[in-house]
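In what follows, a single structure is set out as structure tokens and then discussed.
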Amino acid sequence: VVLLPLLMLVGSEVLAQQDDDTPPTYVVDNFLEYDDKTYQPFVKTVRLYPNGRPLLPPILPLNSLTPEQLVLHFDLLLQEDEPDSEPNIVNYTLIHCDADWTPSELQPFDYIDGFIEDECYDYEPVYSPHHPYTRYRINIPNEGMRMTKSGNYLLKVYADDDPGKLLLTRRFVVIEDLVGIQAQLRPSSISQFFETHQQLRFNVDMRQFDAINPAQTVKVNILQNGRWDNALMNVQPTFLRQQELVYDHSGTLLFSGGNEFRYFDIRDLQQRSERIQEIKETENGFHTYVTPDQVRREKGPQIRLAYTDRNGRYIIDKRNVGFFRSSEPDYAYVHFSLPVDSTITSGSLFLFGALTDWQIQPDYQLRYDKAQKAYIAEVLLKQGVYDYQYVLLEDEAEEVTADLIEGSFHYTENDYYILIYHRSFNARYDRLVGFKRINTIR
């Protein structure tokens, strides 16, 4: 109800711009989504992680004795056909959300100490002969903006003091350590899932937390490798045992084990790395060709023998910085190839991982090349080391599956994150009162 007038206002502004013959710089086709979302095509390489730990998901303790921050990095590519399209100002704000990622009833002054919106002053233009960009950085919390409540947060970034000019949104969570969690991972007790899935069992100790009727006031979300696209939401306890919630659902606390992620390394655009077959520099930039991949459905997670994956994430880095070369990473077109004998008729193949925000994106769809007898794709990415997989979006399906190309195995290494929320009677928001990370092999 609160958002409806804003959406109508933003929509009318866009229509007013479109009635004019001059196309708008920002077209808000998609209104604000409470998800990891990039709204403009010139926004690239968006990463949000704990400061100094780029391979961890954005999880932050509330009121830690040792101040910790999340770091948001992103680039705005210079548009050659629209040199004035880059915003003059980049702004950001925080939106508090409940456990299901709907806005909570709190007002900004209830959960923010300081400015409820601010401007990003940490940015730097980066020269590149092919892909010049401006690099931005935002630290959360900071001297001007601090969170005072635990729970789910949406970081909203927009342009030119106009909340309708959306650039990106990113999810993160702020936790309080108030309950104890004991967790185990094991193969599924259901025979049909024994070889392919991983099953959790955990207990939540509420004895040190004064919770009335915890079976009704506690909510649980479970993430695999920090992903929200396949999260188990609002998991219910099996039973309550003396202020201890027991979660032992043999049929529901299941995740497909998947396979170890593939990877490629484009930190050096002058010399080939292990999985880069060829590097070319053309008028429109560098082109790197990843060694053709193979279907791994029957092979198991053997890649772990030679490479420890990053559970789908990536790092930005550059090697071979010469006297005449910029120290900042550049962008390159990365070419992928997956040889198969014929096309897949039941759906479409996509590249998938943190590089796609764990979402299906049109720019990462593969097309079948009959001459090469392979699915191929070309994607513009910043220099670094990337994990990725091939996933299938079946016709009429809402969720992707990696089983067709990658396979699924119960002994694949994965991280799991258990998030415990509590909402007391008459409260206006869901507190995040417990957190546990567990790994399949550690």
Side-chain angles (χ1 to χ4, degrees), residues 38 41 44-45 77 80-81 130-131 196 229 256 258-266 269 271-303 306-307 309 312 314 330-409:
T38 300
K44 298 292 185 182
T45 320
L77 291 184
E80 294 182 0
D81 53 345
H130 303 296
H131 304 286
T196 59
D229 64 292
S256 174
N259 203 335
E260 305 298 331
F261 283 82
R262 306 170 192 261
Y263 81 100
F264 62 92
D265 183 344
I266 54 169
L269 296 179
Q271 299 181 7
R272 292 180 295 144
S273 65
E274 178 184 358
R275 295 212 66 245
I276 298 300
Q277 189 177 62
E278 186 178 10
I279 302 173
K280 296 179 181 179
E281 184 176 10
T282 67
E283 292 182 355
N284 70 335
F286 286 96
H287 290 255
T288 61
Y289 294 80
V290 178
T291 302
D293 287 305
Q294 297 179 348
V295 175
R296 302 188 297 169
R297 183 174 62 252
E298 307 297 337
K299 295 185 177 182
Q302 299 174 354
I303 192 172
Y307 170 72
D309 74 352
Y314 63 91
D330 203 348
Y331 279 82
Y333 294 100
V334 183
H335 297 256
F336 299 86
S337 174
L338 179 69
V340 293
D341 291 334
S342 60
T343 60
I344 298 170
T345 59
S346 60
S348 301
L349 280 183
F350 291 83
L351 296 166
F352 197 71
L355 78 168
T356 71
D357 298 334
W358 300 108
Q359 297 171 5
I360 289 298
Q361 297 194 22
D363 289 346
Y364 293 84
Q365 183 175 356
L366 292 101
R367 62 179 180 86
Y368 191 74
D369 186 290
K370 293 182 179 179
Q372 300 183 49
K373 289 189 175 181
Y375 276 94
I376 61 173
E378 175 186 312
V379 181
L380 182 66
L381 295 170
K382 198 173 185 179
Q383 283 183 266
V385 184
Y386 290 79
D387 278 7
Y388 69 102
Q389 287 186 342
Y390 295 97
V391 299
L392 174 69
L393 180 63
E394 294 185 283
D395 298 334
E396 308 302 327
E398 295 182 358
E399 296 183 0
V400 300
T401 175
D403 294 357
L404 179 67
I405 304 299
E406 307 294 353
S408 184
F409 307 92

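Every heavy atom of this structure was used, including side-chain atoms; hydrogens, water molecules and symmetry mates were not.
- Minimum heavy-atom separation, L351 to L366: N-CD1, 3.6 Å.
- Here the CD1-CD distance, from I344 to E394, works out to 10.0 Å after rounding to the nearest 0.5 Å.
- The distance from atom CG of D395 to atom OG of S346, rounded to the nearest 0.5 Å, is 6.5 Å.
- A donor-acceptor contact shorter than 3.5 Å is absent between the side chain of T343 and the backbone of T345.
- One finds the OG1 atom of T291 at 11.0 Å from the CD atom of E278 (value rounded to the nearest 0.5 Å).
- The aromatic rings of H335 and Y289 sit parallel to each other, their planes meeting at less than 30°, with 60° as the upper class boundary.
- A distance of 12.0 Å separates CG in L392 from CZ in F352, rounded to the nearest 0.5 Å.
- In this structure the side chain of L380 reaches within 4.5 angstrom of the side chain of L77, judged on heavy atoms.
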message: Between V334 and E378, is the side-chain contact (heavy atoms from CB on, under 4.5 Å) condition met? List the steps.
response: CA-CA 6 Å; V334 183; E378 175 186 312; over 6 Å; no
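- A side-chain donor from one of Y388 and D293 sits under 3.5 Å from a side-chain acceptor of the other.
- The two atoms that bring T288 and I266 nearest to each other are OG1-CG2, 3.8 Å, heavy atoms only.
- Taking each heavy atom of A377 and Q365 in turn, the nearest pair found is CB-O, 3.9 Å.
- For the pair L381 and Y331, the minimum side-chain heavy-atom distance is 4.5 Å or more.
- Between the side chain of R275 and the main chain of V290, no donor-acceptor pair closer than 3.5 Å is present.
- Side-chain contact between R272 and I279 is present, with heavy atoms from C-beta onward closer than 4.5 Å.
- S342 and Y368 share no side-chain donor-acceptor pair at under 3.5 Å.
- At least one donor-acceptor pair closer than 3.5 Å links the side chain of D369 to the backbone N or O of A371.
- Under a 3.5 Å cut-off, the side chain of R297 and the backbone N or O of E406 do not form any donor-acceptor pair.
- Across every non-hydrogen atom of Y314 and D387, the tightest pair is CB-N, 4.5 Å.
- Contact record, E274 with Y263: OE1-OH, 2.8 Å, taken as the closest heavy-atom pair.
- A salt bridge is absent between E260 and R296: the closest approach of a Lys/Arg side-chain nitrogen to an acidic carboxylate oxygen does not fall below 4.0 angstrom.
- Side-chain atoms of V391 and I360, non-hydrogen and from C-beta on, do get closer than 4.5 Å to each other.
- Between L338 and L349, the shortest heavy-atom distance links the atoms CD2-CD1, 4.0 Å.
- At least one donor-acceptor pair closer than 3.5 Å links the side chain of Q389 to the backbone N or O of N259.
- The aromatic rings of F336 and F264 sit perpendicular to each other, their planes meeting at more than 60°, with 30° as the lower class boundary.
- Between H287 and T282 there is a side-chain heavy-atom pair separated by less than 4.5 Å.
- Under the 3.5 Å distance criterion, the side-chain polar atoms of S408 are matched with a main-chain donor or acceptor of T196.
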message: With side-chain contact (heavy atoms from CB on, under 4.5 Å) as the criterion, how do Y390 and F350 come out once you've worked through the C-alpha distance, each side chain's angles and the decisive distance to 0.1 Å?
response: CA-CA 6 Å; Y390 295 97; F350 291 83; over 6 Å; no
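- When atom types are taken as modelled, the side chain of Q361 and the backbone of T356 share a donor-acceptor pair closer than 3.5 angstrom.
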message: Please evaluate residues H130 and N284 with respect to the criterion side-chain contact (heavy atoms from CB on, under 4.5 Å), reporting the C-alpha separation (whole Å), side-chain torsions for both, the decisive distance (0.1 Å), and the verdict.
response: CA-CA 6 Å; H130 303 296; N284 70 335; 6.0 Å; no
message: If you apply the rule side-chain contact (heavy atoms from CB on, under 4.5 Å), what do you find for Y375 with V340, and how did you get there?
response: CA-CA 7 Å; Y375 276 94; V340 293; 3.6 Å; yes
